Amino acid sequence: ILGGKPAKAGNFPWQALTAIHGRGGGALLGDRWILTAAHTILPKGAGGNNVSLEQLAEEANVFLGHTKVEELHKMGNHPVRRIFIHPDYDPKDDYNFNGDIALLELKHPVTLGPGVLPICLPDTTNTTFYMDGHVGYVSGFGVEKNFISNKLKYVSLPAVAREKCQSWLDSKKRGLPMIFSENMFCAGFLTVKRDTCQGDSGSVFTVLDTGSGRWVATGIVSWGIGCAEGYGFYTKILNYLDWIKGIVREE
Amino acid sequence: SSPVPRKLFGEIRSPGYPKPYPNNNISIWNIHVPKGYVVKLTFKYFDLEPSESCFYDYVKIKADKKNLGRYCGQLGSTTGNHPGRKEFVSKGNRMHLAFHSDFSNEDNGTVIPYRGFLAYYQAVDLDECDPNNAVEEEERPQCQHFCHNYVGGYFCSCRTGYQLQSDHHSCKVECSSELFTEASGYLSSPEYPQPYPEDLRCNYSIRLPKGLSIILKFLEPFEIDDHQQVHCPYDQLKIQARGRQIGEFCGTESPGSIETNSNEVDILFLTDESGFSRGWKIHYTSEKIRCPQPVPRDQFTIIRDLQPVYQFQDYFVVSCKTGYNLMEGNRKLLSFTAVCQADGTWHQSMPRCEIVNCGSPTDLTNGAFIYVNEPANNSYQSVITYQCNKPYYDIVTGTGGDSFTCSSEGTWVDQDGQVRIPTCLPVCGKPVSPITEVQR
């Protein structure tokens, strides 16, 4: 998290710290599901690594319940029973993060409390959260000023209109042919140094639904070109509600 | 003289009958019927020479050493003694008939052919029991107690408590093993209400089927030799039921009515060598033995159709009020019936009713329950309410709500009668400490 603030205990009780292929983030759904980015489980450009999802589940580490990494580790790992990767996600396509969404089913339900609470999912009809300028908050244990953070940080970022996101992408001279699909949205600033960064992947972009008074996850930290050099790109959760509910209800 | 064969009937004819009888004839007939009968003789036809006092020709009839008459003449004759339709009956089983004809049957020089007689006799049963029929004092039937006549004979019997002796006439007290098996009856001391004999060892046994109880009711008078200071030293009336003595009586005060609660009763009457008391008499009856009136052990027990009296083979059914279980020890019963046995006891003892216990309510994951009413227990009609650990969980209930009551079936049920408990679901998006932006 660049340009953010330290989170206090209980600010983002849904925040999960993952350690699957390096540091990542996630969000608690209900009392036994972790919503995260698919690329934290199957990184792009990993080559011919043919580890099965069962083995990845066995080896995955998930931590919940604190804002300090050291304390999180002390509180213990939450074992993973199964991993669900969205079928649209292609780990071999380096430039297309479409379907960058995954669910981890914990072996044991967690007991909720002040430090561990789930995030809500958006209403299927509510698209206002993605409108240009709608502010949301992202938390994470990712990199800040080239150092990986040992404490949870958060930053507020506005959602950005799709055309602005695409326009900015097109203007990038690096030549990375990144795909901006309809299943994504971007948020952040072009010049203000506030952004998410490596290590924040999988954490959720949340907004406060003033109608219900609840915090709602609208996006998942997915990709960007550098950090704080422009907009960040997020998986649009609204488009994956059916997939999420289908897995959670069946399991 | 010819003996008449011992037949039950026959006829006797004058010599030559129906031809005129000869002169100078004496004929004798001894009619002898079997013992137990008497002879009854009638003349079918009688035609003898009439004479004054039957001096000339006659028929003389004798029986039981008595003359029954001397007869002669013709029907309608003024002299003589015609027997007509008269029946001659002996007292014994013999009758003697004698016919006598003189030297002629002339009347004024005319020979009249008198034909003689034709008589019929039959044996008629002698009622030996009628004292009027006794031939002689010593031959009178001497049944000491009862005489029973039958055709051709008789026999004697004795009163209760007496035994016919070998002479078949005399009766001696015999009461050592009197047995009564009828549902009711009478028994008394010998000779009652006359003074009872001495040296008695009487034993009267009443034996009825199991399940019946014998009731003894003493009638008046009641009189057994006694002593002012010593209890029953001379004569004793002992009553035993099932081998156990329930009383020893003497004196003049009647024991009244005794319920023995037994189907087997023995009454022993022992007398010494003297005394002049009138004895006793008992009317015994029986009824089905009774069982104790069933009494509930607690206020929750219901005895269906309670009867005022329970007797052998009666039964009662027990149930409990709603919310209570029938218990026998630690065992729950689905039903209970007790039957009154032949010995006057119930075949099962009364159960008790214990309040239904639903056990501890199911624990609610991420929640808890509280008892709503007092006392806080798991008994019938106790109420609990489930709650979730707020603010992290919210309760989701069925249509029956979050309150559960301990039902009469022993389960916790909601207001719709369902047993499924609520669920605690996570509350999303409500951090305890949400971020608060201050500076603007």
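All chains are named by letter (A, B, ...) in the order of the sequence lines, taking the proteins before the strands, and each is independently numbered beginning at 1. Values in this document were obtained by computation on a predicted structure and should not be read as measured data. Reckoned from all heavy atoms, side chains included, excluding hydrogens, waters and symmetry mates.
Comparing A:L208, A:D209, A:L117, A:L29 by heavy-atom pairs within less than 4.5 Å of chain B, the highest count is held by A:L117. Most heavy-atom pairs under 4.5 Å with chain B: of the set A:P118, A:A217, A:G30, this distinction falls to A:P118. Ranked by heavy-atom pairs shorter than 4.5 Å toward chain B, the options A:P114, A:A9, A:P109 are led by A:P114. The greatest number of non-hydrogen atom pairs below 4.5 Å with chain B, out of A:A7, A:S156, A:G113, is found for A:G113.
Looking at A:T206, there are no atoms closer than 4.5 Å to chain B (heavy atoms on both sides), in backbone or side chain. In this structure, no portion of A:V207 lies under 4.5 Å from any heavy atom of chain B.
The shortest distance between side-chain heavy atoms of B:I435 and A:F12 falls below 4.5 Å. At a threshold of 4.5 Å between non-hydrogen side-chain atoms, the residues A:W215 and B:C428 do not count as touching.
Environment of NZ in B:K217: sparse, with no more than 12 heavy atoms of neighbouring residues, nucleotides or ligands closer than 6.0 Å. The local environment of OH in B:Y371 is crowded, with over 12 non-hydrogen atoms from other residues, nucleotides or ligands closer than 6.0 Å. Summarising the local packing, NZ of A:K164 is surrounded by 12 or fewer heavy atoms from other residues, nucleotides or ligands at distances under 6.0 Å. No more than 12 heavy-atom neighbours from other residues, nucleotides or ligands sit within 6.0 angstrom of CG on A:D242. Atom CZ of B:R207 has more than 12 heavy atoms from other residues, nucleotides or ligands within 6.0 Å.
What you find for B:V427 and A:L112 is that their closest heavy atoms are N-CD1, 4.3 Å. In this structure, B:P431 and A:W14 approach most closely via the heavy-atom pair CD-CZ3, 3.9 Å.
Between the side chain of A:D31 and the backbone N or O of B:P426, no donor-acceptor pair lies under 3.5 Å.
With rounding to the nearest 0.5 angstrom, the CG atom of A:N11 is 7.5 Å from the OG1 atom of B:T436.
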